[in-house]
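Beneath this line is the structure, given in structure tokens, with notes to follow.
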Amino acid sequence: MCGIVAYIGSRQAYPIIIKGLHRLEYRGYDSAGVALMNGGLKVYKKAGKVADLEAFIGDQDTSGTLGMGHTRWATHGEPNDRNAHPHYSESKNFAIIHNGIIENYNSIKTELKNRGHNFQSDTDTEVLIHLIEELYDNLKVELEEAVRLALNEIVGAYAIVVMSKEDPKKLIAARKGSPVVVGIGKDEFFVASDATPIVEYTKNVAYLNDGELAIMADGKLVVKTIENQVQTPYVQELEMQLEMLEKGGYEHFMLKEIYEQPRSIWDSMRGRIDAKGRRLRLGGVGEYENKFLNAKRVIIVGCGTSWHAGLVGEYLIEDLARIPVEVEYASEFRYRNPIINEEDFVIAISQSGETADTLAAIELAKSKGATIFGICNVVGSSIPRATHAGSYTHAGPEIGVASTKAFTAQVTVLTLLALQLAHKRGTIKESKFHSLLNELESIPAKVEQALKTNDVVKELAANYKDARNFLYLGRGYGFPVALEGALKLKEISYIHAEGYPAAEMKHGPIALIDEQMPVVVIATKHGSYEKVVSNIQEVKARKGIIIAVVTEGDEEVRKVADHVIEIPEVDDVLSPLLSVIPLQLLSYHIAVLRGCNVDQPRNLAKSVTVE
Ligand code: G6P
């Protein structure tokens, strides 16, 4: 959460920073601010979105070739103007932007106050810039040395950028636990929380490692550790294309991303599966394959939508590869003293690759000797770098805060993984293995077909946009999809929604059902179809409204449901990849009709880098 961006070079910094902040706004949108070296060190900041900041700055002089900007998701201190970043030091000669949390800020603040410092905000961040200035003044050291020494006193996570009037041609960035990418141009540098603000200027980037500082001045980049060891930056080429970051004619990123799924699912299996050649190879498993094949247990950790993908993974791996699986919320796992040992194989799932709880769960499992496999979307992010092995989902940048294409890409990779394990462990018949590979290759075309439900779904959205509650039910592979459908609706339309295993409905939620309650049921023709039909009858008997997602041609459910949404026939194992599509569309259209900000729902952020 919180996005940082900075520039040093010969171009005008302000337009680069504002454009970068718009790209990073998915990380937080409580307030925004910029600092520019423009005669002096000027800071402009405002509660609200980047557009509010731009309106506030208006036509003031924003010239200058060195600057930085921040978009905030509030942790310490209300989201108001005062707490917006950048923060000045005591003399206003230094400024900082920060993503992360400084855990020991209170004790440092008390000491600084005792030494006469005055603070303007309630943030943890302001403490750090006061400390940097004090060290700079007292020790008479270079700016980077003052920053380095200050960071040695800090406990917590940070991605920071520091500027100083005392050294007006230098930019310092540092990271620990929160991402920092440095874009390297000709005599110019870009710094950002991810590569999206950088890609249109340069494709050469270096990702800072934890505990590293980047010092940028005079067209040179020096990377050091906070222990003062000079490092050689590892420069890599970005694969991202600029078009991936634009809406491409869609009204919202979320809709664009929903419609991208035929391609993104294909990209997540491209080069890994060849049904004709009867081959499947998830290269990322690499040297850990034997450990995986012989694992006594698989533990899947993740948060939010990634946790839902993990649940699908549990069903897939147990069903196909016959290895026991546990799925855990990363935030619970890390704090509940779990039993983990060297024979465990942990799969960490994360779109952003930066989720703080998932990262901490990985570190915990690693410390107990488990092998960790990451399934992430953002290349070069922290989780892939913290794991032993892993596979990228290759879904391309996901910008809408509500995850859609990342979910189906995660499920695709989990399906490949389960099939590869099953094949090697001999727990699946050769014929079934090949028919599933063939069917997997036909999924993008079937998703295309499932997207054609859009008009039907839009009409339903108009009918039920004012409902106060929604229930989502499913069994087997339909259950995690029900959870995901409910999450999508609450996230972006603020309607209360719950996902439940269809049979569990009788143990509580059934009490809520009346003629006002839309109940979305995954009722595709699979394993417990007949049981789901009975559950539908139970809802109908209490006058609930049934919206059923069914296999095309289904007549039975049509007779009892109020509405049906037909999706193509597919094997049970692959069904989540299709049944989730109309649920994504339903939440999207309801949110649009309710006038909600679909891509930036209130209080949420795409990348949750705080616990
Ligand atoms: C946030 C996002 C969700 C996401 C979750 C986990 O809550 O809004 O869309 O599912 O974090 O994020 P990750 O990047 O680890 O998948």
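In each ligand, atom 1 is the first atom listed, and ligand 1 is the first ligand listed. Since the structure is predicted, the reported quantities are computational estimates derived from the model, not experimental observations.
Ring geometry for Phe373 versus Phe345: interplanar angle of 30 to 60°, hence tilted.
Taking 4.0 Å as the cut-off between side-chain N and carboxylate O, Glu251 and Lys256 do not count as a salt-bridged pair. Lys405 and Glu260 are joined by a salt bridge, as a carboxylate oxygen and a charged side-chain nitrogen come within less than 4.0 angstrom of each other. Between Glu200 and Arg23 there is a salt bridge, since at least one side-chain N of the basic residue sits less than 4.0 Å from a carboxylate O of the acidic one.
For atom 6 (C) of ligand 1, the nearest protein heavy atom (residue, atom name, distance) is Cys303 O, 3.3 Å. Here the heavy atom of the protein found nearest to atom 8 (O) of ligand 1 is Ala605 O, 3.0 Å. When hydrogens are left out, the protein atom nearest atom 10 (O) of ligand 1 is Thr305 N, 3.0 Å; that is the closest non-hydrogen contact. Scanning the protein heavy atoms around atom 7 (O) of ligand 1, the nearest turns out to be Val608 CG2, 3.9 Å. Looking from atom 12 (O) of ligand 1 to the surrounding protein, the closest heavy atom is Thr355 OG1, 3.3 Å.
Distances below 4.0 Å separate heavy atoms of Ser306 from the following atoms of ligand 1: 10 (O), 13 (P), 16 (O). Numbered from 1 in the order shown, with element, the atoms of ligand 1 that lie under 4.0 Å from a heavy atom of Val401 read 8 (O), 9 (O). Interface atoms of ligand 1 facing Gln351, defined by a heavy-atom separation under 4.0 Å, are 13 (P), 14 (O), 15 (O), 16 (O). In summary, the atoms of ligand 1 found under 4.0 Å from a heavy atom of Ser403, numbered by their order in the structure, are 9 (O).
Looking at Gln410 next to ligand 1, no N or O pair under 3.5 Å apart turns up. Considering backbone and side-chain atoms together, Ile349 places no N or O closer than 3.5 Å to any N or O of ligand 1.
With hydrogens and angles left out, the side-chain atoms of Ser306 and Gln351 include no donor and acceptor closer than 3.5 Å.
Residue pairs that meet the salt bridge (Lys or Arg N to Asp or Glu O under 4.0 Å) test with at least one member in residues 375-386, sequence neighbours left out, do not exist here. Each side chain to side chain donor-acceptor pair (under 3.5 Å) pair with one or both residues in residues 337-346, not counting sequence neighbours, appears once here: Arg297-Asp344.
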Starting from the C-alpha separation in whole Å, work towards a yes-or-no answer on side chain to side chain donor-acceptor pair (under 3.5 Å) for Thr393 and Asn377.
CA-CA 5 Å; Thr393 46; Asn377 194 38; 2.8 Å; yes
